[in-house]
Every structure is written in structure tokens, then in C-alpha cells.
Amino acid sequence: MRIPIIAGNWKMNNTISQSIDLVKNIKKEDIKDKVEVVLAVPFTSLYEVKKHLDGTTIKLAAQNMHWEDKGAYTGEISPLMLKEIGVDYCIIGHSERRQYFNETDETVNKKIKAALKHNIKPIVCVGESLEEREKNIHEDIVKDQVIKALEGIDKSFIKDIVIAYEPIWAIGTGKTASSEDANTMCGLIRKTIGHMYGENAKNTIRIQYGGSVKPENIKELMEKEEIDGALVGGASLIAEDFIRIVNY
Ligand code: PGA
């Protein structure tokens, strides 16, 4: 049985005080106990948000990290720093990082390995652009991203890895992939994991869909066999919407 996992990705939104307000509002509501809920908040808010999550079942995530423990990397944040705060998950390879900050399959791979080494669970993002979908190469692109992201990573870590399929054309655009398309792509990712790691890993790995997930479309997405959760951007910034998504 794969436990559904719904993560809110706040992106570059919310100061510390705004983060605390949002967490307090999220905490006011009851959350279905069968869903794992994760909040991916800005670096500056992690420490404070963690204090407000203590005593709840909600997990904390960072949105990026460096792969080295420490060193001369001005402006970067290391897994050790995240670990001390008590971060459980880290989003790695979000398309916005790939697009605007030169994140490559190679750096994604290094970051996943570093996260796992420090007991931080990676939420690994993959997904095709509109152009790639129109050229009908989206399946090859996503398969390739998965293979390169996980290169050299042992089977024993599969239970700790979450993959988020996020078609770039659906992120923040209001255009959701149809639940059928999302299911097909998540199925393709699962099959790829099966080829790499075998049947057990294929059935264990959790795969999220992300891209304009809203209270109105979450149920239909979650009913699909291959979709184990969602990575939610915009709608995770409004407590009421996020809770409706979590309690789909
Ligand atoms: P969105 O973002 O829900 O605002 O489309 C999703 C994501 O980028 O993780």
C-alpha cells in the first residue's frame, strides 16, 4: 500500500510572519490521517515553521539544496543545515530551477544522493515542456530524466524517494494535464522504475502529479491508479484550498 503524499510548494512566497500565519491556519483544520502532508517552504521560514509543526503529523520540506556538506559555495544551503532544522523532504530538480537556475540532470543526481546520505527524502521533479509534448517526444524526455536522476542510486533507497511528474506547460498556467494523461505519464515513470529496480520498487515508489492542482480537480487525479499524490503550487498558499486538496 502506497501512502498518498500531498505537498504544498510555496515557492518564493511568504516572509517568516506570513509563513507562520499560513501554517497556523492550516493547523486549524483536521487532516485525513491516511494522507502524508508536506509543506515546502522558503529557506528563511524553515526554522520557524518547524517549531509550529512540532506535535503535528505535517512534514517539512526545503525547495532546493546543495550537494556538498559545506564549503565555498556562496549563497547555497547544505543538507547538513537542513537536517539540523529537522527537514524531512527536499524538492529537487523543480522545472523552475532547471529553467532559470541551470539545474541539470547531473546536479539533480548529485543532490538526490546527498539528500539520501543525510536522511532527507527527495521529491524529484520531472516533466516535459509544451514544445516537447507537441513534438511527441515527452515520453522519452521524462524517461530519460528519471534514468539520469537516479543513476547510481541503490534500490534500498527507492522507498524514500518521491517522484513528481510536472508537465511544465501545466505549472502555474491553470492548464491541468487531463487525469488520463497524468496517469499515463505516472505509469510510464513507474514502468521505468520497474525496469531499473524490479517489481518491488515499481510497486513501492510514490509518484505525484503537479501542475495547476486545485480543490476542483484533485479527486479525479487521486482516483487514478498510478497517481499517489500531488505537488501543489499556487493553491497551497491559501489554507482553505490546500486543506480541501489534502482532504480530497
Ligand atoms: P502550480 O505549481 O500548482 O501553481 O501549477 C505546481 C508546482 O510547480 O509545483
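The analysis underlying the following values was restricted to heavy atoms, covering all of them including side chains, and did not include hydrogens, waters or symmetry mates.
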Taking the side chain as every heavy atom from C-beta outward, state whether [X] and [Y] have any pair of such atoms under 4.5 Å apart.
X: Met65; Y: Cys90; answer: yes
X: Lys148; Y: Val108; answer: no
X: Leu221; Y: Ser179; answer: yes
X: Thr184; Y: Leu188; answer: no
X: Arg190; Y: Ile205; answer: yes

For Ile16, the other hydrophobic cluster members (4.5 Å side-chain criterion, sorted by chain and number) are Ile20
Can you tell whether the side chains of [X] and [Y] come within less than 4.0 Å, N to carboxylate O?
X: Glu223; Y: Lys219; result: yes
X: Glu48; Y: Lys51; result: yes
X: Glu36; Y: Lys59; result: yes

Ignoring hydrogens and angles, state whether a donor on the side chain of [X] or [Y] is under 3.5 Å from an acceptor on the partner side chain.
X: Gln99; Y: Ser95; answer: no
X: Thr176; Y: Asn217; answer: yes
X: Asn64; Y: Lys111; answer: yes
X: Glu131; Y: Trp169; answer: no

Smallest separation among heavy atoms of [X] and [Y], with atom names:
X: Ala177; Y: Ala170; answer: N-CB, 4.2 Å
X: Leu231; Y: Ala164; answer: CD2-CB, 3.9 Å
X: Tyr209; Y: Ala182; answer: CD1-CB, 3.7 Å
X: Ile207; Y: Cys186; answer: CD1-O, 3.4 Å

Output all residues satisfying side-chain hydrogen bond (donor to acceptor under 3.5 Å, both in side chains) with Arg98, sequence neighbours left out; order by chain, then residue number.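 side-chain hydrogen bond (donor to acceptor under 3.5 Å, both in side chains) check on Arg98 returns Asp105.
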Kindly write out the residues that satisfy side-chain hydrogen bond (donor to acceptor under 3.5 Å, both in side chains) with Asn109, not counting sequence neighbours, or none if the list is empty.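 Once residues adjacent in sequence are excluded, the partners of Asn109 under the side-chain hydrogen bond (donor to acceptor under 3.5 Å, both in side chains) criterion are Lys113.
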Verify the neighbour count for atom CG of Asn200: are there more than 12 heavy atoms of other residues, nucleotides or ligands below 6.0 Å?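 Open: at most 12 neighbouring heavy atoms sit under 6.0 Å from CG of Asn200.
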Glu220, CD atom: more than 12 neighbouring heavy atoms under 6.0 Å: no
Same cluster or not: are [X] and [Y] linked, directly or through other Ile, Leu, Val, Met, Phe, Trp or Tyr residues, by side-chain heavy atoms under 4.5 angstrom apart?
X: Leu82; Y: Val124; answer: yes
X: Val162; Y: Val213; answer: no
X: Val37; Y: Ile91; answer: no
X: Ile5; Y: Tyr248; answer: no
X: Val38; Y: Ile218; answer: no

How would you list all residue pairs meeting ring-ring contact (aromatic ring centres under 6.0 Å, His included) that involve residues 69-98, not counting sequence neighbours?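 Listed by first then second residue: His66-Tyr73.
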Provide the full list of salt bridge (charged side-chain N to carboxylate O under 4.0 Å, His left out) pairs with a residue in residues 165-189, sequence neighbours left out, each pair given once.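 Listed by first then second residue: Arg133-Asp181, Glu180-Lys224.
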side-chain hydrogen bond (donor to acceptor under 3.5 Å, both in side chains) for Tyr165 and Gln145? Distances and angles first, verdict last. CA-CA 11 Å; Tyr165 167 63; Gln145 285 174 339; over 6 Å; no
Exercise answer: donor-acceptor pairs, residues 40-47 side-chain atoms, under 3.5 Å, sequence neighbours excluded:
residue	atom	partner	partner atom	Å
Ser45	OG	Ser19	OG	2.7

